[in-house]
Each structure stands twice: as structure tokens, then as C-alpha cells.
2 protein chains.
Amino acid sequence: MERRRDRSPTIVDVAREAGVSKSLVSLAIRGEAGVGEASRERILDAARRLGYRSNSWARSLARGRSQLVGVLVNDLRSGYYVDVVRGIEDAAQRADLRVVLGEGRRDPAITGARIAHLQQLGVDGLVVISGRVDPQTLAQAAALCPVVVVGRPPEVPVAAAQVSNDDRAGARLAIRHLVALGHRRIAHLTDSTRPAASDRRDAVLATLEEFGLGTRGRVVSADGAGRLAAAVAARDPDAPTAVFARNDRTAVRLLGAAIDAGLRVPEDLSLIGYDNTDVAGIVRPTLTSVDQPRLAMGELAMELLTELSAGAAPRREVVRPELVVRASTAPAPGWSSPGARPD
Amino acid sequence: MERRRDRSPTIVDVAREAGVSKSLVSLAIRGEAGVGEASRERILDAARRLGYRSNSWARSLARGRSQLVGVLVNDLRSGYYVDVVRGIEDAAQRADLRVVLGEGRRDPAITGARIAHLQQLGVDGLVVISGRVDPQTLAQAAALCPVVVVGRPPEVPVAAAQVSNDDRAGARLAIRHLVALGHRRIAHLTDSTRPAASDRRDAVLATLEEFGLGTRGRVVSADGAGRLAAAVAARDPDAPTAVFARNDRTAVRLLGAAIDAGLRVPEDLSLIGYDNTDVAGIVRPTLTSVDQPRLAMGELAMELLTELSAGAAPRREVVRPELVVRASTAPAPGWSSPGARPD
DNA sequence: GTGAAAGCGCTAACAA
DNA sequence: TTGTTAGCGCTTTCAC
């Protein structure tokens, strides 16, 4: 009963062609020890002649694993995720694993569906790079296979490992940089209450307080970017001279609004983003931003995944962000020499 | 011989629990007809109780296909590819297929490896969205499963279907727009000789010629963006007043160089990109760009793939680009009223 | 070093 | 409507 007229060759065909048993072919093809030099030669040769291609469905079925790691990213348009993925891919390659990718499109429902799909595929492990994933989705996923979370979703199952950056430290870097430049009215532009965002916000307020710079009205919703720019343009005495946005996306949107409002950046308004994505180097002025070591985070994620698969307890790693100073930040208007550095 | 201590339940377990045979379970779970209402109920119930999850390796192995379509994109950072993927995913969902994604990182070698990997996975079909793929790679791929190419690699195997946009038409749109704005010295910024790029270039030159606007020195290499900006800034009488770049990436790089050189865009220099990616709306001034209907192209690709899988002959579809006018193009310096439109 | 045989979990023909 | 059985292509004991 041949299903397909010209089925592709199997180890049985190779075995017949080489005049050996199929078990030997299996060993030879995987490069296992315990095959005579002569047989090995004949087998590999026969395989080549026949154009043999190993069937991964059968292999996975027989071995009970696939050598596949699934990676779910929140949004492919953001260079942030893509860089983490590359870190993962590089590490995976070294571990002789293959990566399959899925995108959640910033939607928890789609994210859940894609995660289910990846697990359906039979991945040996899963890396979820998204803050937009329901705790329940994540818990279910972690029950099925090793899971590493990169970033900070609302909740991380106890069984899962995690890689994240120190958001409080990152926010402090940004605020201290602005204070050092003489800024006194500093606003934080944010639109989210998820852990990363709220930590950044808390750290902003704490740091402002530390410097005795009132915190009232210093947190602005991201959709108020236009109003904020207008206020600065109108020389509102309460308007900030510098803004730290929760990420580059938000910062770039404000930059657009500021330019549209006729402001000069950084002369009239300094601006800092977060994530140091490629767009930060593309816009003008180029954007000062807090950098997360994305490639390293990806590689770290694979490391944690490997540990988990080996049965180790899940670890949580926090990496340190760094400030990358570009052209969007300058001394506050009227600020001359920066006496003692505030830090 | 149990390999894993707590192996997950199989149809056999479900069958035992429901007191029926495993074939009936198989039918019931897939929702096939020919299962008694009572049995179906009992089976699904048992499956739920046991937490049964169908094993896709076994299913694929038994059925000879995976319901998977592989998608290879050139570069995930570009919104262009991502949008095409979304079109594909939407169409795939309707056809009850799942998408697995791979990235070629703008490198033919990596692209080849990823394509091989996707086929190793046993995809039923493959969509390659990349101009950066070797003819040989593509030919090998097309020999293994149905392949649809989106875009214009150097060569497309006869067995493969293709979706592309009319690059000549797109280039004409751009040039005509600039001519209509009174520009007479128009340059084309390009750095590639692959089919799409060279068609755009040819169409640019042909269109300039059509309008009697000399073509000498009108094609500038992309890495000459800085020099070009400098020439404009120096008021070189030969310098262009408008530039059509081969894509948004290149256009945005030139925009940066222009701003860095102290130029005002579009007052001193008009600028058009190609692809209408998200970055076009993000930079300031916003970028006029030639739009390819990416979502539709993705859906079309899935359509062609379905046809191919059904045994139809491969088709080549060419879609029409459109010009999206934004803020980076303005009348040429000294140009007053645009008499009769040149088109 | 090599071969025989029993699975892996599922589908699909065929019988009942 | 339901059960039986023979694969799908590979891995992995266990004999030889």
C-alpha cells in the first residue's frame, strides 16, 4: 500500500541498497559509534545516492523529543525582540537545537494561541519573550515543557525560569543623566501598569524625590504626548524640560509630536527612551536610550532552558541595563556648568 | 517499556477510559462523521478528564503531512516582511494551517540553512519572502515541496509560484510625483543590482528620459548618501533637488544624513522611499513612499500555495504599488504653480 | 560489529 | 456504528 507514488527513500531503502540492516543505517547516519568503517562508508554512500532525508516526524516519535525550541515574541516589528531571538538562535545552534518562531502580535489571545501551537508542534522547550502573556497561559505552558520567560509578564509560574533587566536601575540611569544635565522638571511618559513599566515609574519617582525634585504630575500618560509637547511649546512654566519615556516606541512618538509642535530637540526638550532599539539610531536627533543587552539575554535564556531541561531548578536572572547617550539629551535651558555631579 | 515515567495520555488511554476502540477515539477527536452521539460524548469526556493532547508527530507520520506551512523572511526588523507574514498567517488560519517562521538575516547562507530546517520539519508548503536567496537553494526547496516566492530573488524555479509588485510602475509613480512638483534634478539612490532594484533603476531612467530630464549621474550608490547630502548643502548646481531611494531604509538613512548636514527636508531636498514601512510614518518629516499591499500579498501567497498543493500549475502574480504622499516631498525650490500636470 | 524485533502514537483500510 | 489490524519511518534494546 504505497500512499505516495514516489515516496522518498527511508532507512529501509538505504539498508537494502547498502546490504545491511536498518538499525545499522540508523546508527551510521546519526554518526553513532559502533559501526564498522566499511559499513559506514557503504551506508553513507548509499544514502547519498538515494537522496535519503531523515524523517523528523518518525525520529521525534521514536525518541520522544524533537530537538526543537519554540520562541514566542510579542511583536516582530520591534528590534528588541528580534535581537533577543538572534541571541537564542546563536546559542541554540551551538546546542544543536533548532528554533521555531511565533508572534503574539501584542495580543494575549493570539499569544496564547501561538504558544499552544508551538507546544502542539512538540518543542522540547519554550522561550516566551513578551510582557503580554496571561498568567494562566504561561502556567499551562510550563506544565507541558520547560519554559523560560524573557521580560516581565504579570506573573511567572514557579516552574519557569526568567531573564529580565533591572528596570529600576535603568530608570535611575535615565533620571540621573537628566539631573546631571541640569534638568529639574522631568516627566515620565508611560502607558502601562505591567511590572516593567511600573517599576520604571516607581524608580523615576523615587529618584526624583531623592533629588528633591517634586513628583507631582510628573507621570504622563503616553497618549498625552501631543498635549505635553503643546505645553512645552506654550512655555508653560510647569512643563518639563526633559522627558524619560517608558520605551523607544513611546519616545519616538513624543519626538514626532515635539517636532510637529515646532520644538527643537534637545534644545527645548530632552528625551530619553528605553531599549536602545535600532530606531534610536535612525531618528533625528538620535535618541538617548537605556540599553538592555538583548543578545546576551537571548543566550542566557537558552542557558536557563538547557538547565531546566536537565532537571535543574528554575533560575531568575536579572541583567544590568546601560545608558547610551545620543543627541536627544542636552543641558537644560539656562544651565551653565554642571558643578558637582549629583551622583 | 515506559520511556517517560508519566507519559502523557494517548488515544489508547482514552479508548480504555471510554470503553471503546482507539480508532473510534481517533475519529471522534478529529470530529469526523460516523461516530455515534453517545460514544462521541463519552470519548470527548474521557479525553478531557485525562487531559489528552494529540501527538502531532504521530499524526503527521501516519497521515504523511503536517498541516504546517513554513515562512522564511529575509529580515524580521523590517516591517515589510512582518506585514506579509501577517497576511499569510491570517489566510493560513482560515485554511486550518499553522505557520512556522524562520529568518534569513539578509544572508543567503543563513537563508539556505533556515529553509532546509523548515523543510526538515516537514512543512507541507513553503513561502519565501526574500530577495536574498540563492537560485540553487530555491530550486532544491521547490523539488521537495510546493514553494511560493514573495518578492524578486535573482531566479525563481519554474516549479515555484511568485507574488511580486510592479517595480517599474512603482518607480514611475515616484518620479512622476517629483516631476509634477517641479523637480528637474532628480537622483535615484540604490545599492543593489537584484531584479527589483534594477527594474526600479531602469524605470527611473526611462521616466526621466521621457520628461527630457538628463539621466547622466542620476543614479547614486546608497553609501554615497553623505556625499549627496553634502553636495546639496554646498549648493552644488548639479546636486539634485529630489531623491527617490530604492527603499525606506535607504531613504531614512539619507534623511538622517541630510538633517545632519543642516538641510531642511523637504524645502531643500525632497525624498521618496519604497515599501511604506512603519518607519515612514515615524520619522520627521514623515516619508512619502511607494506602498506595496503587503497584507494582500501575503494572502495571495497562501492562495497560490494552496493551488500548488492541489496540483495546479504555479502562477506568477504581480500586484500594483501605490504612492503614499507624506511630508518629505514638496515643490522644487523656485517652483510656483504646476501648470499642466505632466502625466 | 551486526541484525531482529518491539515499540513510539496515530491513521485508515477493512471487517464485523 | 464500531473494532481489528497493518502500517507511517525511526530508535532502541537484546541476541548473535
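Naming convention: chains lettered A, B, ... in sequence-line order (proteins, then strands); numbering from 1 in each chain.
In this structure, CZ of A/Arg63 is placed 15 Å from P of C/dG9, rounded to the nearest angstrom. Remark: C1' of D/dC8 and CD1 of A/Ile11 are 12 Å apart, rounded to the nearest angstrom. Rounded to an integer number of Å, the gap from CG of A/Leu24 to P of C/dA5 is 16 Å. Look at CG on A/Leu27: it is 11 Å from C1' on D/dC10, rounded to the nearest Å. Per the geometry, CZ belonging to A/Arg53 stands 12 Å off P belonging to D/dC10, to the nearest Å. Distance, B/Trp57 CH2 to C/dG9 P: 10 Å, rounded to whole Å. The separation between B/Ile43 atom CD1 and D/dG3 atom P is 8 Å, rounded to whole Å. At whole-Å resolution of the value, CD1 in A/Ile29 and P in D/dC10 are 8 Å apart.
Among the protein residues, A/Val12 comes within range of no part of the nucleic acid, since none of its heavy atoms lies under 4.0 Å from any strand. Nucleic acid contact for A/Gly34: base, since at least one base atom lies under 4.0 Å from a heavy atom of the residue. Within 4.0 Å (heavy atoms only), A/Ser39 reaches sugar-phosphate atoms of the nucleic acid but no base atom. Residue A/Ser54 is in sugar-phosphate contact alone, with no base atom involved, counting any heavy-atom pair closer than 4.0 Å across all strands shown.
Contact check, A/Ser26 against D/dT11: a side-chain N or O comes under 4.0 Å of OP1 or OP2. A sub-4.0 Å separation between OP1 or OP2 of D/dT11 and a side-chain N or O of A/Arg59 is present. Applying the 4.0 Å criterion to OP1 and OP2 of C/dT11, one finds that B/Arg30 has a side-chain N or O inside that range.
Ion pairing of B/Arg77 with A/Asp278 is present here, as a side-chain N (NZ or NE/NH1/NH2) and a carboxylate O approach within less than 4.0 Å. Checked for salt-bridge contact, A/Glu299 and A/Arg94 meet the test: a charged N lies under 4.0 Å from a carboxylate O. Between A/Asp96 and A/Arg98 a salt bridge is recorded (basic side-chain N to carboxylate O distance below 4.0 Å).
Side chain of A/Lys22, nearest nucleotide from C/dT11, C/dC8, C/dA5: C/dA5. Closest to the B/Leu61 side chain, of the nucleotides D/dT12, C/dG9, D/dC10, is C/dG9. In this structure, of D/dG9, C/dG3, C/dT2, it is D/dG9 that holds the atom nearest to the side chain of A/Thr10.
In this structure, OG on B/Ser66 lies 11.5 Å from CG on B/Leu61, to the nearest 0.5 angstrom.
Of the residues near DNA chain C, A/Ala58 and A/Gly19, the one whose nearest nucleotide (by heavy atom distance) lies more toward the 5' end is A/Gly19.
Residues satisfying the side-chain hydrogen bond (donor to acceptor under 3.5 Å, both in side chains) criterion with B/Arg105, sequence neighbours excluded, are A/Glu89, A/Asp90.
The base of D/dT11 has none of its N or O atoms less than 3.5 Å from a complementary donor or acceptor on the side chain of A/Ser23.
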